[in-house]
Amino acid sequence: MALALQLAEQGNYSTAPNPRVACVVVKNNQILGQAAHLKAGQAHAEVLALNQAGEAAAGADVYVTLEPCNHLGRTPPCVDALLKAGVGRVVVAMQDPNPLVAGQGMQRLRAAGIQVELGLLEAQAQALNPGFVSRMTRHRPYLRTKLAASLDGRTALANGLSQWITTEAARADVQHWRGLACAIVTGIGTVLKDNPSMTVRAPEIVKAALSRQPLRVIVDSRLRTPHDSQMLSAASLQIGPVLIAYAKADAAQLQAIQRPGLSLIAMPNADGQVDLPALMTHLATLGVNEVLLEAGSALNGAFLQAQLIDECIFYYAAKLMGGTAQPMFAMPAYEAMSQAQAMQIIEIRQLGADLRLRAKPVPA
């Protein structure tokens, strides 16, 4: 199962909206087949591994990181392939949270007389697919926010200058998280200040992603995105689509900004801003599993207040920028320590001269 989990990471950048899954077929202590699912619409891991094993798969043990599917999607059910191969035992790391499966695959295998075991390295399997699990159970993506800051927690100088706080090693690491994401979300403030492209640029990740670029999403309440911004250029939109979520715009604004590859969606809340929970729900309907938020303090603060941030990735540079520099999150003025947002640190790693700290907000 550990080997299967390792193999499943081959689909880190390419399987969305499908989960990352791998399968290993074993008989008489010999590995007969091993494979990972790489892209939606292509063969699933079980089918690929069974094809490698051939007729020798009869009576074999099958280790799979996610419950085999029992429904017809773009490909036939994997349960059918397991039954046809005549395997003897199926060891499953975790049950599929997809309501179309949700235990039915294992139930059908057991009904056919195949021994099924569930729960081997389950936590590791769940950690492999946080976005898919979130989309299936919470109907919204798993959201990470990326923040580059000085040791005193500042993301830009008072005049707005922020390039570059961290070193090249940290900036290269960001490409991994962009590659994992199905969508990258930013705000109009970042677009106006930095005019970013928000694409995955590391060649090895682009290749592993089978040329898939994340959907780029701009939260722009008044539809102020400049028509000549990098993300709206014809070349950029050919690389990958852009979605602008807005709260209020007139017909002339909507008409002027229209272009191939750009989608617009009105999502106003009661305050005249973009309804962030509704936006996350909408992204889930598009098959978005994981979101990377790359924004300024205002949007980061809004997502945090809405309890939509699942994980923070902090890149700390060995610098001090002072009290007048800009913070990570726009937060209310708390009057008691009990009001402060508690965080659970899950990883600390050094990247060159910088530190990467990953933490999860603790629910109140």
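- For N28, the CG atom counts as loosely surrounded, since its 6.0 Å shell holds 12 or fewer non-hydrogen atoms of other residues, nucleotides or ligands.
- A donor-acceptor contact closer than 3.5 angstrom links the side chains of S221 and Q273.
- Crowding of Q52 atom CD: a count of heavy atoms from other residues, nucleotides or ligands under 6.0 Å exceeding 12.
- Judged by distance alone, the side chains of T166 and D354 never bring a donor and an acceptor atom under 3.5 Å apart.
- Counted by atom type alone, S150 and R154 present zero donor-acceptor pairs between their side chains at under 3.5 Å.
- One side chain, Y63 or R89, offers a donor N or O that lies under 3.5 Å from an acceptor on the other.
- Salt-bridge check for E290 with R20: passed, with a basic side-chain N closer than 4.0 Å to an acidic carboxylate O.
- The two atoms that bring G187 and A295 nearest to each other are N-CB, 4.2 Å, heavy atoms only.
- For the 3.5 Å distance criterion, the side chains of Q115 and E117 qualify, holding a donor opposite an acceptor.
- Nearest heavy-atom pair across L279 and A245 is CD1-CB, 4.0 Å.
- Between D80 and R108 there is a salt bridge, since at least one side-chain N of the basic residue sits less than 4.0 Å from a carboxylate O of the acidic one.
- Counting non-hydrogen atoms of other residues, nucleotides and ligands closer than 6.0 Å to NZ of K27 gives a total above 12.
- Salt bridge status for K360 with E311: absent, with no side-chain N to carboxylate O gap under 4.0 Å.
- Of the N and O atoms on the side chains of D220 and T225, at least one donor lies less than 3.5 Å from an acceptor on the other residue.
- Counting only distance, with no hydrogens or angles, the side chain of R212 and the backbone of G179 share a donor-acceptor pair below 3.5 Å.
- In terms of heavy atoms, R135 sits closest to N289 at NE-OD1, 2.6 Å.
- By the 4.5 Å heavy-atom criterion applied to side chains, R138 and V133 are not counted as neighbours.
- To the nearest 0.5 Å, the span separating CG on L264 from OH on Y246 amounts to 6.0 Å.
- In Q350, the CD atom is crowded: over 12 heavy atoms of neighbouring residues, nucleotides or ligands sit closer than 6.0 Å.
- Of all heavy-atom pairs between L232 and R259, the closest is O-NH1, 3.2 Å.
- When the shell of 6.0 Å around CD of Q258 is examined, it contains more than 12 heavy atoms from other residues, nucleotides or ligands.
- Other residues, nucleotides and ligands place no more than 12 heavy atoms under 6.0 Å from the CD atom of E55.
- Under the 3.5 Å distance criterion, the side-chain polar atoms of D250 are matched with a main-chain donor or acceptor of Q253.
- Within a 6.0 Å radius of NZ in K319, other residues, nucleotides and ligands contribute more than 12 heavy atoms.
- The backbone N or O of A102 lies less than 3.5 Å from no partner atom in the side chain of D96, so there is not a single donor-acceptor pair.
- Here the options are D152, L357, I348, the test is side-chain contact (heavy atoms from CB on, under 4.5 Å), and the partner is Y316; only L357 passes.
- Between E204 and K207 there is no salt bridge, since none of the side-chain N atoms of the basic residue sits less than 4.0 Å from a carboxylate O of the acidic one.
- The minimum heavy-atom distance between G287 and P17, with the atom names listed, is O-CB, 3.3 Å.
- Checked for salt-bridge contact, R144 and D310 miss the test: no charged N lies under 4.0 Å from a carboxylate O.
- The cluster map of Ile, Leu, Val, Met, Phe, Trp and Tyr, joined by side-chain heavy atoms under 4.5 Å apart, puts Y13 and V21 in different clusters.
- Heavy atoms of other residues, nucleotides or ligands lying less than 6.0 angstrom from CD of Q307 number 12 at most.
- Here the closest heavy-atom approach between residue P226 and residue V191 is recorded as CD-CG1, 4.1 Å.
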